[in-house]
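Take a look at the structure set out below.
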Amino acid sequence: MSIRDVLVTGGAGYIGSHLVDALVAREYRVTVLDSLVPQVHRSGAWPSYANPKATYVQGDVRDRAVFEPLVRASQAVVHFAAAVSIGQSMYQVDRYVDVNTRGTALLLDILVNTTHAVEKVIVASSIGVYGEGAYLCPTHGVVAPTIRPEGQLAARDWEQHCPVCGLHVASVPTPEDKALYRDNIYSMTKYHQEEMVLLIGKTYGIPSVAPRFFNVYGPRQSLSNPYAGVAAIWLSRLLNGRQPVVFEDGGQLRDFVSIHDVVDCLVLMLEHPGADYLPVNVGSGQTVTILEIARMLARLLGVSIEPEVTQAGRRFDIRHNTADIGRARETLGYAPKVPLEQGFAELIDWAKSTPDAAVDFFDTALDELRQKGLLINS
Ligand SMILES: NC(=O)c1ccc[n+]([C@@H]2O[C@H](COP(=O)([O-])OP(=O)(O)OC[C@H]3O[C@@H](n4cnc5c(N)ncnc54)[C@H](O)[C@@H]3O)[C@@H](O)[C@H]2O)c1
Ligand SMILES: [Zn+2]
């Protein structure tokens, strides 16, 4: 049997909604299960971009009575519903584990204990499962240091050291087989979700894939959610005439990938078996410092606001992590297309045309981090 009905949990959210559009365009019948959490959907209603050709069910992925019949009516489940902020997960521990880990456990329990026709499960994993990225020591080759100790952050010694010889090491793209370290509760739950789905998938022969998203950016990204990604947070600051706040010295390397490339990769995962039973990095393969991103956003917006470089560290932050996208290229033929400047110009056009997209709640979130003792040198 082939896939016709696709269930997208979290399909009212940012990545899910773009995937819903792509699936509808490819004539899948799409059902969305989403609880419309207030932090993401401030109006409490389905977003204006909800696709009229998809079916929308408001409900929680922890509620079996809602989730089970939807799973059983589908041939594919894309599981994106999740609580998504690293910082917040460090003080809302119960909620993060409950939504992310237990929600996924319930999905798997349904798959294992009911009759269904699901032949593909895609679960959203994250760059967070790596902790620090991969590094190269001139003497010891590719190494995988752990998160920097508090004393190192306090000394503003931002760069990583080789775990063997202690010398400074340079960032290199991270392959999927790098040792995994989880440095915050959110990333632990992403790791649980990925491991559980791949394990049950392999055990019961249900093809499953765990895309490890790097920094996804693009229209519909929540700009008002201070717990969302850095690009969104800075854009909302700039739109409100305020300086983007950059932690450390701004030299942190990341991989920003356009939502359009992400959706292309997800469709490949759904339609092709190449990446079945694997975690797969989903990035652009382009490496950039976060200070460059903050400056690029201001330039593209046409404002002359310099970022505020705080030289403060956050206890759970990693220094560098960029994507080795070889596995997605080789197993799926994934070929990211959107250059960074073009993708950010699109994000900005969207933000400007959506005036209520950007209410700046960043200071409140920063205060929460400070109160919990998670900021160093601040
Ligand atoms: N955006 C990124 O850069 C990024 C990076 C790595 C991983 N991810 C993962 O990708 C997935 C989608 O992320 P996003 O950026 O689109 O987030 P998002 O917050 O925009 O979307 C998540 C959606 O899930 C819904 N939701 C939350 N809890 C729910 C629950 N208990 N029951 C039902 N629905 C619930 C929310 O209402 C929201 O619509 C998440 O699993 C996230 O962890 C995203
Ligand atoms: Zn070394």
Side-chain angles (χ1 to χ4, degrees), residues 7-20 32-47 49-50 56-63 66-67 70 78-86 88-89 95-96 98-104 106-107 122-130 135-145 160-170 186-187 189-191 193-194 197 210-225 227-232 254-259 262-263 266 281-283 321 323:
L7 174 63
V8 182
T9 74
Y14 158 47
I15 302 180
S17 70
H18 282 279
L19 179 65
V20 168
V32 166
L33 172 62
D34 198 298
S35 62
L36 297 175
V37 297
Q39 190 170 301
V40 186
H41 305 278
R42 278 183 299 133
S43 75
W46 294 104
Y49 53 72
Y56 286 82
V57 178
Q58 184 169 2
D60 198 298
V61 291
R62 293 164 293 177
D63 181 353
V66 182
F67 205 178
L70 297 176
V78 180
H79 185 40
F80 282 178
V84 302
S85 157
I86 290 177
Q88 196 176 42
S89 77
R95 182 166 84 87
Y96 272 72
D98 201 49
V99 172
N100 298 3
T101 305
R102 193 167 73 78
T104 304
L106 178 57
L107 166 63
I122 297 177
V123 63
S125 184
S126 166
I127 174 186
V129 298
Y130 292 115
Y135 291 79
L136 190 64
C137 168
T139 313
H140 300 100
V142 176
V143 291
Q160 273 288 2
H161 295 260
C162 173
V164 186
C165 66
L167 294 179
H168 276 129
V169 282
Y186 166 76
S187 299
T189 66
K190 288 283 122 186
Y191 173 72
Q193 290 186 272
E194 164 182 322
V197 168
R212 289 179 179 161
F213 298 125
F214 277 63
N215 294 64
V216 184
Y217 70 92
R220 300 181 191 165
Q221 174 159 15
S222 176
L223 302 184
S224 302
N225 180 350
Y227 311 100
V230 277
R254 293 292 183 274
D255 179 306
F256 281 82
V257 58
S258 160
I259 184 66
V262 169
V263 167
L266 290 167
N281 286 345
V282 182
N321 198 353

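Counting starts at 1 for both ligands and their atoms, following the listed order.
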How far does CG of L70 sit from CG of L107, to the nearest 0.5 angstrom?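 Reported value, rounded in 0.5 Å steps: 11.5 Å.
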
What's the spacing between N281 CG and I127 CD1 if we round to 0.5 Å?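 Separation between the atoms: 8.5 Å.
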
Ligand 1 contacted by [X] (non-hydrogen, < 4.0 Å):
X: G128; answer: no
X: A12; answer: yes
X: Y186; answer: yes

Taking the side chain as C-beta and beyond, is there a heavy-atom pair between [X] and [Y] under 4.5 Å?
X: T189; Y: S89; result: no
X: V78; Y: L7; result: no
X: L33; Y: V66; result: yes
X: P211; Y: L266; result: yes

Going through the checks in order, is the side chain to side chain contact (heavy atoms under 4.5 Å, CB included) test met by Q88 and Y96? CA-CA 9 Å; Q88 196 176 42; Y96 272 72; 2.8 Å; yes

Should the pair H79 and F67 be assigned to parallel (<30°), tilted (30 to 60°) or perpendicular (>60°) ring geometry?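 Answer is tilted, since the angle falls between 30° and 60°.
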
Select one of side chain, backbone, both or neither to describe which atoms of [X] lie under 4.0 Å from any atom of ligand 1, heavy atoms only.
X: V61; answer: both
X: S125; answer: backbone
X: N100; answer: neither
X: Q221; answer: neither

Taking only heavy atoms of L36 into account, list the atoms of ligand 1 that are under 4.0 Å away from them. 37 (O)

Those residues at least two apart in sequence (or on a different chain) that pass salt bridge (Lys or Arg N to Asp or Glu O under 4.0 Å) with D98 are R62, R102

Partner set under salt bridge (Lys or Arg N to Asp or Glu O under 4.0 Å) for R212, not counting sequence neighbours: E194

For ligand 1 and [X], I'd like to know whether there is a polar contact (N/O to N/O, distance under 3.5 Å).
X: A124; value: no
X: A81; value: no
X: D34; value: yes
X: L33; value: no
X: Y14; value: yes
X: H79; value: no
X: V40; value: no

Closest to [atom] (judged by heavy-atom distance), picking from [options]:
atom: atom 3 (O) of ligand 1; options: V216, V37, T9; answer: V216
atom: atom 41 (O) of ligand 1; options: R62, R220, K190, R102; answer: K190
atom: atom 27 (C) of ligand 1; options: G59, A82, G10; answer: A82

Have N100 and Y191 got a donor and an acceptor in their side chains that come within less than 3.5 Å? no

Between K190 and G128, is there a donor-acceptor pair closer than 3.5 Å when you use the side chain of the first and the backbone of the second?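 Not at all, since once roles are kept as given, no pair shorter than 3.5 Å links the two residues.
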
Examine distances only and state if a side-chain atom of H18 and a backbone atom of P219 form a donor-acceptor pair shorter than 3.5 Å.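 Present.
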
Residue set satisfying ring pair (Phe, Tyr, Trp, His ring centres under 6.0 Å) with F213, at least two apart, ordered chain then number -> F80

Considering the Zn ion (ligand 2), could you give the total of protein N/O/S atoms lying closer than 2.8 Å? 4

